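Worksheet: the structure to be examined is printed underneath.
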Amino acid sequence: PIAVPSLRGDDITAVTKPFLEKLAALTHTEITDLSSLEAAIRKRLDRFQASGCRFSDHALDTGFLYYEDDGKNPLRFGALLEGTVTEEDRKHLSSYILTFLGKEYAARRMILQLHMGAQRYTSTKLRQKAGPFGGFAGDGILPSRMIRFIFTVGSGSGIADNRDFV
C-alpha cells in the first residue's frame with residue numbers, strides 16, 4: 001500500500017490571529033486582507049500538493065451553519081485582524097474560507113472529506129494525551145447524552161479506563 005499525506009484544514013476555516021501569524025511565517029506572506037490570505041493558503045496548498053497530498057479533511061462541528069457570501073467578508077476579515085470580530089462574523093468568515101478551499105481543492109482535483117456534526121470532546125484522558133484533534137471524536141448523530149455517558153465513564157470514575165472504549 002502507498003501512503004500519501006492529507007491536509008487537516010480545521011485551523012484554516014476556524015481562522016484566528018495566531019493561525020494567521022503562523023501561516024504568514026510559513027509562506028513568507030504579509031496577510032493584510034482576504035486576498036493576501038487566499039494567496040498564502042494557495043502557497044501552502046501548492047506545498048502540500050507537491051508532497052503528494054490528494055486529500056483534505058475538515059470537521060464541521062455541531063452548530064456549523066453555512067452562510068453564502070454577502071460581500072461583507074473583507075470587512076469581517078479586517079475586524080478579525082483588528083481583534084474586534086464578532087462570533088457571528090467569524091461564522092460568516094468560516095463559510096467564506098471553506099467555500100474558497102472547496103473551489104481550490106476542486107481546481108487541484110483534490111478530495112474534500114467533511115466530518116459533519118463532529119463531537120470533539122468525548123474523552124478527557126485521550127484529549128489530554130492527543131490534543132483536540134486526536135482522532136477520538138464521534139459524529140453529531142450520537143446523542144449528546146450518550147457522549148456525556150462515555151465522558152463520565154471514562155473520566156476516572158473507577159468504572160473503566162478510557163482504553164476500554166477506544
Side-chain angles (χ1 to χ4, degrees), residues 1-27 29 31 33-74 76-81 85-123 126-144 146-147 150-151 166:
I2 298 174
V4 295
S6 67
L7 169 66
R8 185 65 195 244
D10 296 345
D11 287 348
I12 305 170
T13 54
V15 66
T16 62
K17 286 183 78 171
F19 169 78
L20 293 175
E21 292 166 3
K22 184 177 179 181
L23 180 63
L26 286 169
T27 61
T29 303
I31 300 175
D33 55 23
L34 271 180
S35 294
S36 55
L37 171 64
E38 292 170 358
I41 291 170
R42 283 187 186 104
K43 286 182 183 180
R44 288 304 287 166
L45 290 176
D46 290 344
R47 176 120 170 133
F48 270 87
Q49 203 167 24
S51 298
C53 179
R54 302 286 298 142
F55 310 95
S56 66
D57 189 349
H58 292 267
L60 304 181
D61 292 344
T62 301
F64 175 83
L65 296 173
Y66 177 74
Y67 294 94
E68 291 187 44
D69 185 15
D70 61 3
K72 297 178 184 175
N73 286 303
R76 290 181 180 108
F77 191 74
L80 175 78
L81 293 174
V85 68
T86 66
E87 275 309 303
E88 186 69 16
D89 284 345
R90 188 179 299 277
K91 291 176 183 178
H92 281 267
L93 278 171
S94 290
S95 291
Y96 176 86
I97 294 168
L98 183 62
T99 302
F100 166 77
L101 287 168
K103 291 176 182 178
E104 280 295 312
Y105 298 148
R108 297 162 184 272
R109 302 188 51 80
M110 291 177 65
I111 295 168
L112 168 58
Q113 177 175 291
L114 298 174
H115 294 261
M116 294 185 231
Q119 299 280 339
R120 296 278 165 217
Y121 202 82
T122 58
S123 168
L126 294 175
R127 189 176 186 90
Q128 289 169 346
K129 285 183 179 183
F133 305 113
F136 308 107
D139 73 30
I141 296 169
L142 187 62
S144 61
M146 199 59 205
I147 292 286
I150 294 168
F151 175 80
V166 178

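Computed from a predicted structure; not experimentally measured.
- Proximity of Asp70 to Arg76: side-chain heavy atoms (C-beta onward) are separated by under 4.5 Å at one or more points.
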Chi angles and distances behind the side chain to side chain contact (heavy atoms under 4.5 Å, CB included) call for Leu23, Leu37: CA-CA 9 Å; Leu23 180 63; Leu37 171 64; 3.7 Å; yes
As a quick check of understanding, evaluate side chain to side chain contact (heavy atoms under 4.5 Å, CB included) for Asp69 and Thr99, giving each step before the final call. CA-CA 9 Å; Asp69 185 15; Thr99 302; over 6 Å; no
If you apply the rule side chain to side chain contact (heavy atoms under 4.5 Å, CB included), what do you find for Lys91 with Tyr67, and how did you get there? CA-CA 8 Å; Lys91 291 176 183 178; Tyr67 294 94; 3.7 Å; yes
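- With hydrogens and angles disregarded, a donor-acceptor distance shorter than 3.5 Å links the side chain of Asp33 to the backbone of Ser36.
- When all heavy atoms of Cys53 and Met110 are compared, the pair lying nearest together is SG-CE, 3.8 Å.
- Counting only residues at least two apart or in different chains, salt bridge (Lys or Arg N to Asp or Glu O under 4.0 Å) contacts with residues 44-57 comprise Arg8-Asp57, Asp46-Arg108.
- The OG1 atom of Thr16 sits 8.5 Å away from atom CD of Glu21, with the distance rounded to the nearest 0.5 Å.
- At a threshold of 4.5 Å between non-hydrogen side-chain atoms, the residues Leu34 and Phe100 do not count as touching.
- Rounding to the nearest 0.5 angstrom, the gap separating the CG atom in Leu7 from the CZ atom in Phe48 is 5.0 Å.
- Side-chain contact between His58 and Leu101: present, with at least one pair of heavy atoms (C-beta onward) separated by less than 4.5 Å.
- Between the CD atom of Gln49 and the CZ atom of Arg42 there is a distance of 13.0 Å, given to the nearest 0.5 Å.
- Judged as a ring pair (Phe, Tyr, Trp, His ring centres under 6.0 Å), and not counting sequence neighbours, Tyr66 has no contacts.
- Residues passing the side-chain hydrogen bond (donor to acceptor under 3.5 Å, both in side chains) test with Glu87, sequence neighbours excluded: Arg90.
- Across every non-hydrogen atom of Pro5 and Ser51, the tightest pair is CG-O, 3.4 Å.
- Between the Thr13 side chain and the Ser95 main chain, no donor and acceptor come within less than 3.5 Å of each other.
- Between the side chain of Thr27 and the backbone N or O of Ala40 there is no donor-acceptor pair closer than 3.5 Å.
- Although no hydrogens or angles enter the test, the distance criterion places a donor-acceptor pair under 3.5 Å between the side chain of Asp10 and the main chain of Ala59.
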Leu20 and Phe77: CA distance, side-chain angles, deciding distance, side chain to side chain contact (heavy atoms under 4.5 Å, CB included) verdict: CA-CA 11 Å; Leu20 293 175; Phe77 191 74; 3.8 Å; yes
